[in-house]
Amino acid sequence: MVGFPDPVDGSVNGPVRNRRVQRRAPHSTRRRGFKKPVCSQITDIVAIDGPVGAGKSSVGRRVAELLGFAYLDTGAMYRAATWWAIENGADLDDPEALTAITRMMPLHMTDRQGVLRVLIGAQDITEAIRTPEITRQIYKLDHVAGVRDHLVTLQREFGAQQPTVADGRDMGTVVFPKARWKVYLDASLDERARRRAAQLAEKGVQVDLAALTKEIEDRDRKSMTRAVSPLRKAPDARVLDTSPLTFDQAVDAIVDFVREAS
Ligand code: DC
């Protein structure tokens, strides 16, 4: 399938408080006269970065809800790109092929009432992008500059439309360097593994805690050591260690930070 994707539904998370930023141009005009959004002008962003399992997406989504901001899960975009590349039989070791196929991805994401849906064309891949296979293969794509460049453009386009809480690995460092609020969400490795195991247990999946810990450590190392857009704390980010915090305390800490610094 070819065509400029309609990346993310603009109507996420209900009311948007700040309408200063122009709404997206109609789909048909976006492609012809499309200009990459200027990242230095995108400021109404809560940029949340951090390692695997620090709670970025659950906390970020709730923060967005409380602030009336849109929510953008950029990890889901890398997952969708991986699914799409595999689906199309792309050579996962060929950066040029991966870049070309990613540019053709008809990705559409909606986030309503706290429920993220990821679509490729008409196909709902929300569940399919969470499989261990996708998590394993994502590293074939996430260090490819052309893939990142395309997804970053979509992310900025989204962030330029409305105040947004965006979570990922390079939100504060690369995608939204001028974000007014930057948070580096962290927690100890043991705590992150314990939380992930508890989440899986709730779904009836029993895991070996030592193996899970090792897997999380390995994923973090890959994200932190890659040459392109590695995970690191932006110099102006506030670090929030959620190890001793409940979910609500972590949410409140970010909401307070945004309100104080507004
Ligand atoms: O947040 P997540 O686990 O769903 O992200 C999946 C992978 O995507 C993660 O292992 C690293 C990559 N990723 C990235 O490189 N940059 C982002 N902004 C978000 C995710």
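Hydrogens, waters and symmetry mates play no part in the numbers below; they use all other heavy atoms, side chains included. Atoms within a ligand are numbered from 1 in the order they appear, just like the ligands themselves.
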Please classify the R79 to ligand 1 contact at 4.0 Å (heavy-atom distances, strictly less than): side chain, backbone, both or neither. side chain
Are R259 and D256 within salt-bridge range, i.e. N to O under 4.0 Å? no
Quick test of your reading of the structure: of R169, R136, H143, whose heavy atom lies closest to atom 17 (C) of ligand 1? R169
Answer with side chain, backbone, both or neither: which part of R130 has a heavy atom less than 4.0 angstrom from an atom of ligand 1? side chain
Return the closest protein heavy atom for atom 3 (O) of ligand 1 as residue, atom name and distance. R219 NH2, 2.9 Å
Can you tell me if V52 contacts ligand 1 (heavy atom of the residue under 4.0 Å from the ligand)? no
Considering only heavy atoms of D142, which atoms of ligand 1 have at least one such atom less than 4.0 Å away? 11 (C), 12 (C), 15 (O)
Which residue holds the protein heavy atom closest to atom 6 (C) of ligand 1, what is that atom called, and what is the gap in Å? I138 CD1, 3.6 Å
The protein heavy atom nearest to atom 20 (C) of ligand 1 is G75 CA, 3.6 Å
Residues E191 and R195 bridged, charged N to O under 4.0 Å: yes
Could you report the tightest heavy-atom contact between A76 and L116, atom names first, then the distance? CB-CD2, 3.9 Å
Are any of the side-chain nitrogens in E65 or R62 under 4.0 Å away from the carboxylate oxygens of its partner? yes
Between R226 and ligand 1, which residue portion shows a heavy-atom distance shorter than 4.0 Å: side chain, backbone, both, or neither? side chain
Considering the heavy atoms of T74, write down every atom of ligand 1 situated less than 4.0 Å from one of them. 17 (C), 18 (N), 19 (C)
Any donor-acceptor pair under 3.5 Å linking the side chain of K182 with the backbone of M171? no
Show the nearest heavy-atom pair for residues W84 and M104, with the distance to one decimal. CZ2-O, 3.6 Å
Please give me the minimum heavy-atom distance between V165 and I48, naming the atom from each residue. CG1-CD1, 3.8 Å
Structural part of K56 in contact with ligand 1, heavy atom criterion under 4.0 angstrom: neither
If you measure every N/O of Y78 against every N/O of ligand 1, is any gap under 3.5 Å? no
Taking N or O atoms only and a 3.5 Å limit, does D167 qualify as a polar contact for ligand 1? no
Evaluate D73 for polar contact with ligand 1, using N/O atom pairs at a separation under 3.5 Å. no
Verify salt bridge (Lys or Arg N to Asp or Glu O under 4.0 Å) between D170 and R148, making sure each step is shown before the conclusion. CA-CA 10 Å; D170 56 348; R148 295 200 76 88; 2.8 Å; yes
Using distance alone, determine whether S223 and ligand 1 share an N or O pair under 3.5 Å. no
Subset of ligand 1 atoms that lie under 4.0 Å from at least one heavy atom of M171: 18 (N)
Looking at D73 and M109, what are the two nearest heavy atoms and their distance? O-CE, 3.5 Å
If you look at every heavy atom in R79 and I129, which pair is closest and at what distance? NH1-O, 3.1 Å
Validate the cation-pi geometry between K222 and Y139: distance from NZ or CZ to the six-membered ring centre under 6.0 Å, angle to the ring axis within 45°. yes
Measure the distance from atom 16 (N) of ligand 1 to every protein heavy atom, then report the residue, atom name and distance (to 0.1 Å) of the closest one. R148 NH2, 2.9 Å
Answer with side chain, backbone, both or neither: which part of M77 has a heavy atom less than 4.0 angstrom from an atom of ligand 1? neither
